[in-house]
Each structure stands twice: as C-alpha cells, then as structure tokens.
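As structure tokens, the structure follows; a few thoughts come after it.
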Amino acid sequence: GQANAGVYVPVGEGATIKVNFPSSPIQAIIPFYTQLTGKKLILDSALQGEQLRIISPQNLTKRDAIAFIEATLLLNGYAIIHVDATTAKLINHAGGKSPTADGLKVYNSLHDLPESEEICHYVLPLQHISADDASKAFQQVIKLHPYGAMTPISNDSALIITENSATIRSICEIAQIVDVPPAEIANEMIKLE
C-alpha cells in the first residue's frame, strides 16, 4: 500500500511508501518518521527551522524511506542519534546543539559503519603518516559539517573522526591513497651525451 503525510503508514517491511512533504515543518515529519521506524523520539527543544521539502518521485521501501528522510534531515541541520533499539534523539545542530554531546556510537571498522547517514565516531588507524598530517590533508579535500571533528590520538597512530557515515567513507577512501610508505629514494647516475 502507499500512504501520504497524515495517513496511516504501513509498517510492514514489504510495504512501499510515498514520501511527500512539499513544504512542511519538522513537527509534521516527526510522526511520519516515528511510525516508519517504530522508535520513540526524544526531541530537542530548539527544533524550529525552515520548512522542509522531502519528496521521493517514486514509492520507496520502508528502509529506503527512513534513510531518505534521515539524510534530508541531516542536510537541513537536524541529526537523528540512535540511542538504542527503540529510542532515538532528534537534535537541531543548526540551532546550536552539538550531536557529540549526545553519546554517539563508536566504530573502528568500515564494514560496521551504518549504511544510512548517521553521525558517529570512527577510529581510523594510520600506519605511515602522522594523525596531524592526515587530519590536515583530509580537511583540505573534504569540508567537514558544522558538527564534524577530527581528533589525532596522542600516540599519533590513529585519528578519531566525528562525522556522518557517508563522509567517513569518503575520508577512508582518501586515507587509502595518502597513508602509504614514503617512496624509495634511489640515486642513479645518468651519463649525458
């Protein structure tokens, strides 16, 4: 079946859902999101913001609809932080709240990173370049979000990255290119004719 804003949303995994919010306040999207996820949301008191536009041209699976809403919220200054299996927090980081104060999950394997855009901490091990150099290089290439941060670990062998999972994946791709042994330097005599 399909549903529009304000209509009961089927929560079965096989259901396809129409996400249709042409211009809606965050308060109109919250009940739709909680019905989809079945989660209780703890709400930031400073949620007011611009009207949001979340429209998918075609029906989405439940999982894709949730990911689509979360990614759009994150892009517009709202972060959903998963507390446990039944509860999440919704904060407005554009309104000055920092997601990092709200107990983000910590990951140390790309394989375990959430598929959806979720703000979390990621520990990136480094073998050849210092955490300081890595942090500078990454931030020249990728502009972090207002809530993003990179913290070198004191022994310099790792970097703690606080970002959304999609950005963390991009940083890890760059790390594979820059974190390599220095090139072997060889002296060679070339006889010029």
When rounded to the nearest 0.5 Å, the distance separating CG of L104 from NE2 of H82 is 11.0 Å
**Asked** Should I66 and Y33 count as side-chain neighbours, where that means a heavy-atom distance under 4.5 Å?
**Response** yes
Given side chain to side chain contact (heavy atoms under 4.5 Å, CB included), test K105 with H121 step by step and report yes or no. CA-CA 6 Å; K105 286 187 183 152; H121 299 300; over 6 Å; no
- prompt: Do S135 side-chain atoms and A131 backbone N/O form a donor-acceptor pair below 3.5 Å?
  reply: no
Hits for side chain to side chain contact (heavy atoms under 4.5 Å, CB included) against I55, two or more places apart or cross-chain, chain-then-number order -> N20, P22, R53
ask   = Transitively linked via ILVMFWY side-chain contacts under 4.5 Å: I91 with I42?
value = no
Tightest non-hydrogen contact, residues V141 and I174, listed as CG1-CD1, 3.6 Å
Practice item. May I ask you to decide if D133's main-chain N or O and S130's side chain share a donor-acceptor pair within less than 3.5 Å? Key: yes
Does T167 reach the side chain of H145, with side-chain heavy atoms less than 4.5 Å apart?
yes
Nearest heavy-atom approach of K39 to D84 is NZ-O, 3.1 Å
Between the main-chain N or O of A175 and the side-chain N or O of D179, is there a donor-acceptor pair closer than 3.5 Å? no
Output for pair (I161 CD1, Y107 OH), nearest 0.5 Å, gives 14.5 Å
Is it true that atom CD of Q27 has more than 12 heavy atoms of other residues, nucleotides or ligands lying nearer than 6.0 Å?
yes
Check: L144 and I171 side chains under 4.5 Å, non-hydrogen atoms: yes
When every non-hydrogen atom of G148 is compared with those of E163, the smallest separation belongs to CA-OE2, 3.7 Å
TODO: Would you kindly confirm whether L41 and F68 end up in one hydrophobic cluster when ILVMFWY residues are joined by side chain heavy atoms under 4.5 Å apart?
DONE: yes
| Any side-chain heavy-atom pair of L124 and L126 under 4.5 Å | yes
Worked check of side chain to side chain contact (heavy atoms under 4.5 Å, CB included) between D44 and L90: CA-CA 6 Å; D44 179 352; L90 176 63; 5.9 Å; no
Between Y122 and C172, the two heavy atoms sitting closest are CE2-SG, 3.5 Å
Closest heavy-atom pair, I17 versus K62, reported as atoms and distance to 0.1 Å, is CD1-CA, 3.5 Å
Within the structure provided, determine whether F138 and L159 are in side-chain contact (heavy-atom separation under 4.5 Å). yes
Q.
Check whether S165 reaches the backbone of E118 with its side chain - one donor and one acceptor, N or O, closer than 3.5 Å.
A. yes
Quiz prompt | Cluster check V106, I81: I/L/V/M/F/W/Y, side chain < 4.5 angstrom | solution = no
Closest non-hydrogen atoms of P152 and D132, given as atom of the first, atom of the second and distance, are CG-OD1, 3.6 Å
Residue set satisfying side chain to side chain contact (heavy atoms under 4.5 Å, CB included) with N108, at least two apart, ordered chain then number -> V123
CG of L75 to CG of L52, rounded to nearest 0.5 Å, is 10.0 Å
**Prompt:** Less than 4.5 Å apart, any side-chain heavy atom of I80 and any of L74?
**Reply:** no
Requested in this report: Report yes if some heavy atom in the side chain of I26 is under 4.5 Å from a heavy atom in the side chain of N76; otherwise report no.
Outcome: no
So CG of L73 and CG of N92: to nearest 0.5 Å the spacing works out to 10.5 Å
Residue pair Y78 / E70, side-chain donor-acceptor N/O under 3.5 Å | no
Q. Are L60 and V19 close enough that some pair of their side-chain heavy atoms sits under 4.5 Å apart?
A. yes
- Short question: side chain of Y147, backbone of A79 - any donor-acceptor pair under 3.5 Å? no
- Item | Chi angles and distances behind the side chain to side chain contact (heavy atoms under 4.5 Å, CB included) call for T86, K40 | CA-CA 6 Å; T86 60; K40 299 186 294 289; 3.6 Å; yes
dist T16:OG1 -> N59:CG (nearest 0.5 Å) comes out at 4.0 Å
Between the SG atom in C120 and the CD1 atom in I168, the distance rounded to the nearest 0.5 Å is 4.0 Å
query = Where do I69 and L36 land on the side chain to side chain contact (heavy atoms under 4.5 Å, CB included) test, with the steps shown first?
reply = CA-CA 10 Å; I69 292 168; L36 274 181; 3.8 Å; yes
